[in-house]
Structures are given as structure tokens and as C-alpha cells.
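See below for the structure under consideration.
Lettering of chains follows the sequences in order, A, B, ..., and the numbering in each one begins at 1.
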Amino acid sequence: MTESSGSTDPRMDRALLALHVNGERYEVAAPAHHTLLEVLREELGLTGTKHGCELGECGTCAVLVDGEPVLSCLLMPQDCEGLEIVTVEGMADGPELDPLQRAFADNGAAQCGYCTPGFLLTARALIDKNPRPTREEIKEALSGNLCRCTGYLKIYEAIELAAAEGRGEDAEFQRETLYGYE
Amino acid sequence: MATSENGAPRELKVIGHPLRKVDARAKVTGQTRFADDLTLPRMLHAKLLRSTEAHARIVRIDTSAAEAMPGVRAILTGDVLPEPFGILPVSQDEHTLCIDKVRFVGDPVVAVAAIDEDTAEEAVRRIVVEYEPLKHVASIDDGLAPCSDADRIHDYGTHDNVHKYVNLEFGDVEQSFEEADLVQEDSFYFEGNTHLPMEQHAALAAFDPDGKLTLWSSTQTPHYVHRALAKVLAPLPASHIRVIACPNGGGFGGKSDPFNHEIAVAKLSMITGRPVKICLTREEVFYCHRGRHPVLMWVKTGFKKDGSMTGMHFRSYLDGGAYGSYGVASTFYTGALQTVTYPVPRYKFQGARVFTNKPPCGPKRGHGTPQPRFALEVHLDKVAHRLGLDPAQMRLDHLVPPNSLTANYLRVGSMGLGACIEKVVEGSAWKERYGKLPEGHGLGLACGSYLSGAGLPIYWNRMPHSGVQLKLDRSGGVACFCGSTDIGQGSDSVLAYVVAEVLGIDPFAIRVVTADTDLTPVDLGSYSSRVTLMTGNAALQAAERARELLAQAVAKKLEVPAVRLTFAEGRVFDVEDAERGMTFAEAVQAAEAKFGTIGTVGSYAPPASAGKFKGAGVGPSPAYSYTAIVAETFVDPETGIVEVPRIWCAHDAGKCINPALVIGQIEGGVYMGLGEALMEEMTYRGNRNVVHHHPSMLEYKSPTTHEMCDVISYVIEDPDPNGPFGAKEVGQGPLLPVMPAVANAVFDAVGVRVDEVPVTPEKVLRALQAKARGRDPRTGPTRLPEVAWRPPMRVPPPWEGGTGEALPREGVEVTK
Amino acid sequence: MLRLPTFRYLRPESVEQAVAWRTDGGPEAAFVAGGTDLYPNMKRRQQTPPIVIGLGRIPELRGISGDSDTGARVGATTTLTRVCEDPFLVEHYPEVSRAARTISTPLLRNMGTIGGNVLLDTRCNYYDQTYEWRRSIDFCMKKEGTICWVAPSSPRCWAVQSSDLVPLLCAIGGSVRLVSPRGERELAFRDLYRDDGIDYLNKQPDELLTDLRLPARDGWRATYWKLRRREAFDFPVLGVAACLRLDGDVVREAHLYLGGVGSWPIEATGACDVLVGRRLDEETIQAAAAQAYRPAKPLDNTDFHMTWRKHMVRRYVEGALRELSGDGAAPRD
């Protein structure tokens, strides 16, 4: 007989949670051992937050909690009560996309799109703190988010464009970004 | 295609422009629904119990404790589904769940469906499986060794644990060595690595009361999954099975096989009458694998003083893992594309794939060709040094001519490699810097080529490889249906761009419906870089047929000859009098009134292969892409640590359907190649039950933002007549030269050879230490296994009177 | 999806309450701060505490105070990001901020705490695996098994000390405050660790680490060099921390600690002996480095080949000492 390594009671304890997500208040009773990632996706239906390892090793599940990007797979929702949670679904202002979302869409910074929500939110927090990030600062800020499709370069370019737009500058992608070098 | 109906050049409005992808906004707002994002009412959750033994007979499975758990709804064992499956018709060697034995740590044995994933996971832990261990096979050497029948991993294959031998000879290579001024022999090793898509595989099955099954899955090949389901779930008719491929959160070849978990949830749904979902953990994704084969290689080539080749003999030894997967094709691919870059007048290839007790290898970006490309490009670099030639110039001087046939009967069409080399040589200041940089700083060049789709389908048939249906309705709406799967490369967008270009409408107005075996015509799948060329051609044909119908109707209505009509900016009008025309919607209405409901189809099948010998099916393609890369390295001679700050990459894509997406593929390919070049390894502990060394995102080293280099991308447009608007592939080719370019740049920096991938600091330092002691300044394989090769199939090359047919076989040879 | 096992999650509001609840929770209850070490371990079933006591609601555990003349206090649940960015620490304890910046990723540092980092579980790639993987090798000594697979004939566990802050804090000195039902005590960093992969701490399970105390800034200089495959995510496979007190260019006091190459921070005493009383020139540096790498015991249970890691000890000790001599560059952050 195999030893059970952790018991699961199907009538498992539930935690009553009051969460503020994307400006709305949700009250849910979720299994008490479920992380914020599970609660967002499975209780609130906010499946825009993705997951790639559930161990804090990829950055895919990043969300903003009080403006800081954190890993929802390692965060207990009980610790988020009273804090403002933002997921990718909360970035756009109605039909108006966040400049980052627009820039990511327009130059192919989202290929498969799976890591994209985590990158967008991490980048949002960066620009909010540092409206004029250098390429090195962008690399450092995004170093906890893995992407297997893009090689990150189009993501940097999108962030630089959105940051410039956020500063009220006229910005457009460089020719090389869209067509390659001559 | 850049001409209007009357033959005058027409400005392309969509093709060649860096438009956003049609699904980009859904992806940046979190609205794209990946497989694990789906839920259905009453849905159950499944988990798989996987083998904890590398190779063992299953003695007993006790599921009673799991069955007794509240919340468990069904438990499935292998005996219920005895029909085997596998991607290739010649390798039907997988079962949904292992029946009598397990073949690697991670092989699925039992599936459980329960009311939630927590319960399913706990139930799986309560299942007891008793195993009787068998001798395991952990390496290429083990796999080539004789073994008893009882210890064989499979009871099919060539012999013992050898899955497949390939032995082809195109002309007498021994004689070609005699004619050479220089004969160079080298051996290389390429460690296995894996795709690591960010999305873990997931599948949701729903069996409805009418006896129909729907499977949503993160698969690159819904058509092949459909076939596997039909085979295993028989007598459920294939027509009752619907497979919908969700957008893939990264594929890279890792989601191209039908998988156990897909069939398991289908059966669990049939048993319970409820939808059943599974999402694999990251560790399980490593066990699905189907990634890059570890390959040991040996190459011997004869050269003239000017760097031209007289002949090449190439051997590869592949560690296949526990199942066939695409392995037979992979084996052929390790010998197929050596001939399409530089002329090889005579060529011999011998390949052997062995079964080992590891997760199965298969196709990863470049499928079987990056390993030999690494060997060939480093081999050439060494030869250039021996001959005192510039490695770039030596390649430029000896390029396969366009519109030619190779020794192994591959038909090369457009060929832009020369332009690619010139671009990266210029961009990197190669002539000023190569061989002249200070110690520790180097440049390396390498080239490559890849298919734009395989010439043959996975299973033999004469039907199209890709089909597109268009539905035009009186509102002016256009819906495009195609079986292709968007794995992030933008294939949905390519369909929209092509149709929009032909019909003169906005691509974002088109509804693209893809990857649904009930609704969309078959496309074979997103593999072998086939989609842009094949679905593009099918879409082009369907769109041209629709334009033709509309043109006829509009011509009649406007009383203008159809050849004078043009389709642009949402209108159909007379090129000689732009005022005379109508909106696109009115044109559809006119056509619908004249012809009835408007729908058209397009199909594509590649041209027949030139080779007629057995094995000639692997390698031919409608068009080959070409790439040249220069990598820059800094190598610390004290530590062996290699940094790659910059890579110049020029890629001959034929014609960009969308240049921004082409650049994206180049950058992504370089990224993945850089990971392979420097750090990614799929390795096992052979002495510890062959467990995976590190099945996690933390220990499988995928480059972060800090490791990624700058990429200077150049696109060479050398349109190929077989491609839609001249387009060739870009998804895989740019990866290939990265690994050899880095290895060659390490040599330029510190004068040592690392004839192995990945090029790790340990290996560089070992070579540096050997150099300091006056020994061979090299790290790499030093011996090759003994193989009783079968007699080669001899096919005279075209220039020796060959017709593509093989000569009768003879003799057996044994080599070391 | 990998999920946590079931557990009761308690969130006390004071140190007193935390300690009391920990006692009530029994021997298997666990404290958690950032969760970036414990929760992955729980998901892999390396630890399955039935009760987890979250420290996030205890304000007295957070924050930075003191000054560089008398020494600073850093609350245990202060996030690593705060340690990286806090203006006081950046100005007065820049090597601590810099070492913290090498930990994992920005996202993880927003959650992980300094207290959690110094108590980080020892790591081993036979141990940091899921329950099913570990079952495939019949488990290991550190959890559920009997053998240390890294050294099967060894009677002990060789899991690796993997915190970046630990070697540095040992080198510069300083201490931690531990609170339990028996009262509180102060323990020097250097006395907090044990050379065993399983019992790696001289802290009782029911003791709560509340504060870290950094020593007064009275003339020492220090640095930390980290070796890893990637500049983010990865744990150190070697960490070299050096702290020197110089008189002109003569070394008066030296503390050199190696992380990632043993189950505890290894003090390179031989190297320190070489350094003290000598001018910090290239000759001394090389002599010290030649001694420093001897006690390092890298084994085949982390990333990279162990022989190369051992080789790298010399290189990194040289680099760290050169930096402190003013003759070499700091490592890249």
C-alpha cells in the first residue's frame, strides 16, 4: 500500500474570500489551500492569467497586487484581501487597450500569447515606476518572465514604444523592427 | 501573383506589409482561450499515474483504494484500450495506458477522473502498481548492444533495440575521397533538448448523448489526433469524432504527436458521460517530450584545394527514447539536407536509431536536421582553416545552384544563400574582424537550409495536404475555413492576408475558422514549416476562384470585360474607370444572384519527389529556405564561460507575407538556437533508474532576457515559384546555423574546438586545458560504436546517369 | 496544475500570537513569510505541514531601522525587493543590497523575504523534485528515503546551502533574533548553520526568526560573487563572500565564506590565514585563492559539472579579493 503523501478531503475546507480584482469586488468560497492563481482562474473565471510551472520558475502567472508584479502561483489569496489585484483582463479601459497591449499586438510581441499576460503586467509595473526605462532596465525587470517564442526583442521594442507614448511623445516602431535591416 | 488580371504589375496591399496578426488583440487582452481555459458544466478532472520504473513488467495494478475515495468517478487501465497508436504508420507502438510493461519513468499507466483535480491527484497516489524490473537501456551504446528477447524494449524494429537503420549511397564516395586533395574526418555529439512550450499540454473531451465525441486539445496536428482517436476508440466511427485544436501556447514540434492523455480523457468522457479535462504538469510535459534526439555523428569529406567537395560520407546514431514517434523520419532527416547548401557530388548516409528507456524523442524545430547541420558547418570551418581559405568565401564559392537536383534527388528551386552570406559578412564586418580580434573575442559563421513543408504526408494517400474553404455572404462577409493550427506563428493571419489580398478587402474583416475537424477541411498540421506555403497556396486557389465568380457577375452587371476588373479597398471596379464599380458586398450579392450561394475551395499538394528509391520521401520539399548567421562571442579563457552579445542572421524567406512576423520568427529561432548552443539539455541519470535529470523550468535552462543576444535580422527575398506570392518558410531555418556559428566563434576567440552541443563552460575549459598541455585542443566524442550496417541502397546521382531509382542491393559491411 | 496539499492557514497579528499558535500547531506546523521556498516544496510534497502560519500580518516583523554607526535591524519579513532598493541599505550596506539583487527574479523578490532567504531549505537535485520523481529513485535521505544519492555510501545528507545572503551575512558578521515560547535569544549568523543537509540550522523549529542585525559599519568592506548558469532564476552553484578590514593595503581581518559548495556556508579559514597580515596584492590574492578552494565540496547535485565548480572557486575568490583591493571590477548584477 502506498503511503499517501498529503491528504485531500473532498469536503475540503473552504476559505471565504473578499477580493478586489480589476476594480471589482468578488466574494467567493474557495478551497482554503488554493493559491491566488487557482482562485482567479477557477473561481472567478479570469483565465487570462496563465500558468507554466506553478513553482515560481517561469513568471507566466504574474499579476499585480497593489501595483507590484507577483507570482499568483505562490500567493495565498487570504493575503490579498484588502489589496488591489490587477490581471490582464483589467488592463484595458473598456474597449480602449492599454498602450502596452496595443504595442504588443502591433509588432508581434505576442506570438503564441501564452506568456503575454505576465509580460504585460510586469511591464506595466515597470513603466508606472519608471516612465523612461532603458533597454537594460527593461531586461532586468522582465528577467523573471520566460518567453519561448519571441527571443524577447519585440517585447522590448513594444515596451519602449508604449513608454514613449505614455510620456506623450510621438512614437512609432523603427523600420528594422518591422522589416529587418537593409 | 503580383500581377493583376490583365498581367500588369499590381501593388500588393496586404502581402509584404507588417500588419498586426488577426488574433493579436485577443492575445494581449487575455481573451484567447487555450485548452486549459475551457470549462464545461459537470466537467471532471483527470490525472495520470505514471511509471516510476524505467523498464519493467507490470505485475499487478490495485486501484481499490482510489476507487473507494469519494469524488472519484472513473479509473481507466490499459487493458480497456488494447489498440496501439503512433504518429507514423510504421511505428504503431504506443498505448493509451501501458498494458503489460512500462518503458520509461513517466510512461502513463492509469488514468483517474474525479470531481476536481485535487481529488484526482490524491486518488492517483493511492493506486498501487507492482513492477518487475527489466534491464534498462540508457544510452546509444546500450541500445546498439545485443540483448535478450525479454529485455527488448519493443518486439519490433530492426533487431535487438535497434529501431531503424538507414543506409543510402549516391555514387561511390570511397572513390571521391581518392580524387580529393584533402580528406577531413570529424565526429560530433549533439545532446538532446526539448521544446519547453510555455503552455503545458491540456485536453478536454466531451462525449454527448448522441454518441459524438469532441476533443479540444493543445495540439499542432488535430487531423492526426483525429485519426489516432478513431483507431483506438473503434468502433466509434471517425465521423463521430471531432477534434478542435485550441490556439497552442507554443508548440515547436512538441505537440505534433497524438498523446496518451488526449485519448485517455476521451475514453473517460465516454465512460462517465461527463466532460473530462486534463492539464499536464510541467514535469509531465518533459515526459511527453518528442524533442531533439541526442545524436552522435561522424563525417568524412573529400575536398579540392579550392574548398569544393568531392564526396561526403555521413553517419548518425540517434538515441530515440522509448517509442517510435516520428523517429524513422527523424533518422532520415539526419542525412537528408546535407546536400542542399554546397554541392556534394557523391554522398553516402548511414543512420541508426535505437530505443532507450527515456521519454520518446521526435521533431523539434528543425526536425533531425540541426544536429547534422552543426556537424557539417563546424566540419567546414575546420576544413577552411586547413586549406587556408576564408570560411565565408569558401562557402560563397561553392553554392548549390538554383533550379538544380542534388545527389540525393532533392529539387532545389530558389536559392538565396549567397545573398544571405554576403549580408551577414557585411553586417558583422567579417572581413575586417574575423581572425583578427583580440584573444577571447571571436566571430563564427554558419549556414543552413530547411524545408517549406515535407513533400509527403505522414500516411500514404493521394489527397491534398491542405484544404481551404471560403464562404462569401451577401453582407460582404468572408469566412475562411482551414484545418491549420495557429501555434503562435501566425498561420490564421496568413490565411486572412492571402484571401484579403486576392479579394481586395481588409484582412481584419475576414472570419478565420481553423483547426476543427468537423468544420474545416483537412490540413495536415503545423509541422515541417509547411503551413504558410501549403495553406497559403490552398487559400490562394480558393480566393482566386471566388474572385473569378465575383468578377463574372460584376462584369455582366457593369458591362465591363472581367479582365478589366480589379479588387481593391473593398470594391470591385474597372481599372480604366475607377468610378465604375461596386462595393465588395454588392459584388457578392451579384454573384449570389447569378450563381447561388457562394463558396469556393482550394487545395494544395506538393509536386512529386524526384527520387524513386525507398526513403526518398524524406527530404523533398516544394521549396527550401536558406539562412546564414554570424555569431560574436566573448570567451573567458580562465573560466570557459561563453557570452554571445550579438548574432547577425540573414534568411531567404522567398517573399514575406508579413515582414514583422518573419522578423519575429528569425528572432525566436535565434533565441531557441542560442539556448541549444549554450545551455539546454535533456539528460538522464542512467545509473539511477534513468530518471530525468531535471524536469523543471528552473533546472532545464531556457535563456532569460539576460542571456538573449541582440539580433540583426536581414530578410532576403528570392521568390520561389512554388510558394504563395513566392513565400518560403521561416519558422525553423533560422535556428539551424546558430549552434555551429557559436562553436565556430568560440574557435575564433580562443582557438579550441567544442564538437558538442551545448557548448558549456566545462567543455570549453577542458579544451583550453588540453591546448595548454599541448594536446588536441578539442572537446568532443572520441569513439564511435560498432554497427553491423546493412548493405547500402545504391542510387547513382543524376550526373552519373541516375534516374532516382535504386540499384539492386548487395553485401554486408561492418564498420567501427 | 501542481497544487498545494491541504493545510490550515493561520495568520496571526503579533509575534506573541505567532509563536503561541506555532506551539499549539504541533511539531509539523510551519511558519511562512514570502512562501517562495515553502510553497514549491509543499507542491512537490517535500514538506506537508498540516498548519501553516503566515507572518504577513505582523507589522513588527517588517521594516528597516538603526544606523550604520551602531548597526542596522532588518525585519524578517522585509521583502527582498525592499532590501535591494531601500535607500539606507543601498547607501550603507550596498553589498547586502547587491547580493539580494542576485536572488532569483524581480517577481520572486517582490514576494520573498530576507528572513525566508536566510532560512532557505538546503537544495539538491535529488530532493527538489516531485513526489513521483522521488519515488522513482526510492526517495532520498532528506525525505522519506534512507540513501543520499549524491554520495550513497555517506551516512549524511549532502543537500546544498543555496541562499545568496547567507555567505555574505556570515562574512560581515551580525546576528539574528529568535523568539520562542521559551523567550528570545540572539544568535550570530555564523552560528546559525550546521554542516548537514537535513539539520542545517541551529534554530529550533518553534523559534521564530524576527530580525536580522547587520553589524556597525566600522571600516570593513565586503563583496559577494555568485556563479550560476543564468543571470535570473538560478540558485548559486557557488557564492563567494569576502569581508576584509584593511590597514592601508595590509589585511588586518579577513572573513571568507563559500556558499553553494557544501551543506552550510563554508568558512575558508586557510585563505583567511593567508590574507591576515599581508599586503592585498596579486600575489596574496592568488595564494589566498589557492587555499580557499580546498574546503569547497561541490558534488553532483546542482547545475554544472562539479569539477568545474571547484575550479571556479579559485577564480571567484580571486575576483572578489581583487575587487576589494580596488584592482578589479565588481561582478555584474
Side-chain angles (χ1 to χ4, degrees), chain A residues 2-13 15 31-35 37-38 41-42 51-83 118 121-122 125-126 129 136 139-146, chain C residues 1-11 32-50 52 54-57 79 81-82 84-85 101-112 128-132 134-135 139 143-144 230-235 332-333:
Chain A
T2 321
E3 279 275 303
S4 167
S5 60
S7 68
T8 302
D9 182 349
R11 297 153 295 147
M12 59 188 91
D13 286 349
H33 65 292
H34 278 193
T35 60
L37 169 70
E38 289 149 282
R41 287 179 55 84
E42 295 164 7
H51 57 99
C53 71
E54 302 95 61
L55 292 169
E57 301 172 354
C58 72
T60 306
C61 68
V63 299
L64 300 183
V65 175
D66 272 3
E68 292 287 346
V70 292
L71 300 160
S72 62
C73 73
L74 298 182
L75 192 55
M76 296 311 290
Q78 292 90 327
D79 291 325
C80 300
E81 288 188 300
L83 307 178
L121 292 162
T122 308
L126 169 69
K129 267 192 204 155
E136 280 310 308
K139 282 188 187 181
E140 172 57 24
L142 300 184
S143 63
N145 299 73
L146 289 177
Chain C
M1 187 185 291
L2 268 183
R3 295 176 196 262
L4 289 165
T6 53
F7 62 94
R8 274 186 74 199
Y9 188 47
L10 306 178
R11 301 196 304 133
V32 68
T36 57
D37 185 30
L38 180 67
Y39 292 143
N41 284 4
M42 287 174 68
K43 287 184 177 187
R44 292 184 294 244
R45 305 301 191 263
Q46 292 154 266
Q47 285 146 39
T48 51
V52 173
L55 303 174
R57 296 208 312 186
T79 66
T81 297
R82 172 93 191 268
C84 295
E85 294 174 357
R101 271 201 293 280
T102 70
I103 296 168
S104 191
T105 69
L107 296 170
L108 192 129
R109 295 197 294 272
N110 284 341
M111 308 169 71
D128 294 301
Q129 303 278 4
T130 62
Y131 176 81
E132 285 70 24
R134 287 181 286 121
R135 219 178 127 179
F139 302 102
K143 178 69 179 173
E144 286 159 288
R230 304 176 295 180
E231 282 183 51
F233 289 105
D234 293 348
F235 286 94
R332 273 194 318 189
D333 282 343

Quiz item: Taking only residues two or more places apart in sequence, or in another chain, which ones meet C:R109 in a salt bridge (Lys or Arg N to Asp or Glu O under 4.0 Å)?
Solution: A:E140
Quiz item: Which bit of A:E42 comes within less than 4.5 Å of chain C, counting heavy atoms only: side chain, backbone, both or neither?
Solution: side chain
Practice problem: Could you pull out the closest heavy-atom pair between A:P77 and A:H34, with the gap in Å? | Solution: CD-O, 3.1 Å
Quiz item: With only heavy atoms counted, which part of A:L75 is less than 4.5 Å from chain C, the side chain, the backbone, both or neither?
Solution: both
Practice problem: Heavy atoms only, distances under 4.5 angstrom: which of A:V65, A:D79, A:V70, A:T122 has the most pairs with chain C? Name it, please. | Solution: A:D79
Quiz prompt | Nearest heavy atoms of A:L74 and C:Y39, plus distance in Å | solution = O-CD1, 3.4 Å
Practice problem: Would you name the heavy atoms of A:E54 and C:K43 that are closest together and state the gap between them? | Solution: O-NZ, 2.9 Å
Quiz item: Which atoms of A:A62 come close to chain C, meaning under 4.5 Å heavy atom to heavy atom: side chain ones, backbone ones, both, or neither?
Solution: side chain
Quiz item: Given that the side chain runs from C-beta out, which part of C:Y9 has a heavy atom under 4.5 Å from chain A: side chain, backbone, both or neither?
Solution: side chain
Exercise. Measure distances from A:C58 to the heavy atoms of chain C and classify the residue's part below 4.5 Å as side chain, backbone, both or neither.
Key: backbone
Exercise. Identify, with sequence neighbours excluded, every residue that meets side-chain contact (heavy atoms from CB on, under 4.5 Å) alongside C:A232.
Key: A:S143, B:T704, B:H706, C:T105
